[in-house]
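Working notes for the structure below.
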There are 2 protein chains.
Amino acid sequence: MKPETDLSTLSLAILGLISQRPLTGYDLRKVFLTTPMGHFSSSPGAIYPALRRIEDAGWVRGRTGESKTRRERVVYEIAARGLAVLKQHLSRPVTRDDVIWRMDDLMMRFAFMDGIVGREMTVRFLEDFASQIDAHVADLQHYFDSAKSILPACGKLAMENGIQGYEMNAQWARRAIQELQ
Amino acid sequence: MKPETDLSTLSLAILGLISQRPLTGYDLRKVFLTTPMGHFSSSPGAIYPALRRIEDAGWVRGRTGESKTRRERVVYEIAARGLAVLKQHLSRPVTRDDVIWRMDDLMMRFAFMDGIVGREMTVRFLEDFASQIDAHVADLQHYFDSAKSILPACGKLAMENGIQGYEMNAQWARRAIQELQ
DNA sequence: GTCCGCATGTAAGGCGTTACATGATTAA
DNA sequence: TTAATCATGTAACGCCTTACATGCGGAC
């Protein structure tokens, strides 16, 4: 049985944004189109079904007809259960698999932490994040050392890029911890 | 009409690996499981259908029954059309959208360039890659400057992480150009 | 003689993509 | 009044995920 906190990345983004302030589907599309959150969908075919799903789950509530005009418009706001789910999702421990397969998710979980989980939990997240990355980098480095003699030039450079990316993330996390304290 | 070089990331990975040497589906699974190429599938439900698709497209050929035992085993090798498609795909110009939405693809395209496209094309790729990133970073920075006063602490830090990641990639590309020459 | 690794597959389900569709409002 | 923007949706499709299924061969 899957945990109730198992959100798709898009659902997490939507839930996180709505938790900050009530938004319509169109508002969400604009956010995804015009801000750096925007390596997301922004397509109606993704957003409206996702909104429907998290509404059916009871995580958000849609209110219709608050505008002066009769133009259809649904403003979604976070529900108590949605906030609980979000909190639980943001509080999940950082696993190795998260670092390898769901880096986007991790970054989004972090980005939404203000006001949802405490500063202590946020720092804890960053510490785990950094140490999981360290462990993964050690593995990658080990593989790299044993394989670099047979890797073609571009393959080698691509691997170096990957390792440097992870190292940058760990450094960033440690700087972020300093700044939060 | 979509160009014939519009490969899914997984298909690109498979085609690129098979272009280096003949492999079975199981070999591919092992690569995805045990090497840093492995933030891929590695699940039979992804690999075998993908292999079937690129075989049906005439990009690889499967040979059965070369082993001494009668255990079923299909070795795939690159076909002329597959090599052409791969070459064309790797030669595509680096667009802004690639940088924003398909960074994984870009890295994989680069990783497979040895022996497929010339060094000149490879360097050209890295130059375009770096300058597209520069342009994107300028945009992000612009957005960040205008939004940082209203962004919550974690949101701000997450954005900084994103920008730094792009900057790292541009620096890596420029170092890679030096190394290739 | 049983367990583990090799080796290939199928079925159901989820979810994002593209493309299409529809109608209201506002600015030129 | 015509185009652009607001605003919400549906339908077809592709492809990955998870889970299940199956059988051979070697090692202990």
Side-chain angles (χ1 to χ4, degrees), chain A residues 1-4 6-15 22-34 37-57 60 62-76 97 100-102 104-105, chain B residues 1-4 6-15 22-34 37-57 60 62-76 97 100-102 104-105:
Chain A
M1 177 181 147
K2 284 184 168 187
E4 206 181 30
D6 201 3
L7 302 162
S8 79
T9 309
L10 181 59
S11 297
L12 170 59
I14 291 176
L15 198 55
L23 292 169
T24 69
Y26 195 74
D27 291 334
L28 288 164
R29 291 189 63 198
K30 276 188 296 184
V31 171
F32 294 144
L33 261 179
T34 63
M37 287 213 48
H39 54 149
F40 278 102
S41 50
S42 92
S43 90
I47 287 176
Y48 292 104
L51 268 171
R52 181 62 53 92
R53 284 194 298 273
I54 63 181
E55 188 182 22
D56 290 345
V60 298
R63 285 195 203 275
T64 318
E66 308 213 353
S67 110
K68 328 96 229 238
T69 65
R70 227 162 298 121
R71 189 208 249 138
E72 50 180 342
R73 194 159 185 276
V74 190
V75 181
Y76 290 92
D97 281 357
I100 300 176
W101 282 300
R102 290 177 291 273
D104 282 3
D105 254 79
Chain B
M1 179 179 144
K2 286 185 167 187
E4 206 182 32
D6 201 3
L7 300 164
S8 78
T9 309
L10 181 60
S11 297
L12 170 59
I14 291 175
L15 198 55
L23 292 168
T24 69
Y26 195 74
D27 290 334
L28 289 164
R29 292 189 62 199
K30 276 188 298 184
V31 170
F32 294 144
L33 261 178
T34 63
M37 286 212 50
H39 54 149
F40 278 102
S41 47
S42 91
S43 89
I47 288 176
Y48 291 104
L51 267 172
R52 181 63 53 93
R53 282 195 298 276
I54 62 181
E55 188 181 21
D56 289 347
V60 298
R63 284 195 205 275
T64 317
E66 307 213 353
S67 115
K68 330 90 230 230
T69 66
R70 228 162 296 123
R71 191 206 247 140
E72 51 181 341
R73 193 159 186 278
V74 190
V75 181
Y76 291 92
D97 282 358
I100 299 176
W101 282 299
R102 289 178 291 274
D104 282 3
D105 254 78

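Throughout, protein chains are lettered first and strands after them, A, B, ... in sequence-line order, and every chain is numbered starting at 1. A quick note: this is a predicted structure, and the numbers were derived from the prediction, not measured.
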Across the strands shown, which category fits B:Arg53 at heavy-atom distances under 4.0 angstrom: base, sugar-phosphate, nothing?
sugar-phosphate

Could you check whether any side-chain N or O of B:Asp56 sits under 3.5 Å from a backbone N or O of B:Arg53, counting only pairs where one atom can act as donor and the other as acceptor?
no

Minimum side-chain heavy-atom gap B:Thr64-B:Glu72 below 4.5 Å:
no

Is A:Ser43 touching bases, backbone alone, or none of the nucleic acid, heavy atoms closer than 4.0 Å?
base

Determine the contact category for A:Ser8: base if any of its heavy atoms lies under 4.0 Å from a base atom, sugar-phosphate if only primed atoms, P, OP1 or OP2 are that close, otherwise nothing.
sugar-phosphate

Measuring from B:Ser42:OG to B:Lys30:NZ, what's the distance to the nearest 0.5 Å?
13.0 Å

Derivation of the side-chain contact (heavy atoms from CB on, under 4.5 Å) call for A:Asp27 and A:Thr24
CA-CA 5 Å; A:Asp27 291 334; A:Thr24 69; 3.2 Å; yes

Can you check the A:Asp97 CG to D:dT17 C1' distance for me, whole Å?
14 Å

Of the options C:dG5, D:dG9, C:dG9, whose atoms approach the side-chain atoms of B:Arg52 most closely?
C:dG9

Rounded to whole Å, the CD1-P distance (B:Ile100 to C:dT17) equals 14 Å

Ranking B:Pro44 and B:Ala50 by the position along DNA chain D of their nearest nucleotide, the one closer to 5' is B:Ala50

From CD1 of A:Ile47 across to C1' of D:dC6 the rounded distance in Å is 14 Å

Distance, rounded to the nearest Å, where A:Asp27 contributes CG and D:dT5 contributes P:
17 Å

Is there a side-chain contact between B:Leu10 and B:Phe32 (heavy atoms, below 4.5 Å)?
yes

Is there a side-chain contact between A:Tyr26 and the phosphate of D:dC6, meaning an N or O under 4.0 Å from OP1 or OP2?
yes

Quick one: CD1 on B:Ile47 to CD1 on B:Ile14, what's the gap to the nearest 0.5 Å?
5.5 Å

Quick one: bend of the helix from C:dG1-D:dC28 to C:dA28-D:dT1 from 5 pairs per end, to 10°?
20°

A:Trp101 atom CH2 is separated from D:dT17 atom C1', nearest whole Å, by 12 Å

Select one nucleotide: of D:dT8, C:dA7, D:dA19, the one nearest the side-chain heavy atoms of A:Arg73.
D:dT8

Quick one: CG on A:Leu28 to CG on A:Leu33, what's the gap to the nearest 0.5 Å?
11.5 Å

For B:Gly45 and B:Lys30, find the nucleotide of DNA chain C closest to each by heavy atoms; which residue's nucleotide sits nearer the 5' end?
B:Lys30

For the side chain of A:Ser41, starting at C-beta, report the closest nucleotide among D:dC16, C:dT17, D:dT8.
C:dT17

When rounded to the nearest 0.5 angstrom, what is the spacing between OG1 in A:Thr9 and CG in A:Leu12?
7.0 Å

Could you give the CZ-to-P distance, from A:Arg29 to C:dT17, as a whole number of Å?
12 Å

Send over the distance from A:Leu7 CG to D:dT17 C1', rounded to a whole Å.
17 Å

Which whole-number value in Å describes the distance from B:Glu55 CD to C:dT8 C1'?
13 Å

Can you check whether A:Tyr48 has a side-chain N or O nearer than 4.0 Å to OP1 or OP2 of D:dG9?
no

Mind checking A:Gly25 for me? I need base, sugar-phosphate or nothing, with any heavy atom below 4.0 Å counting as a touch.
sugar-phosphate

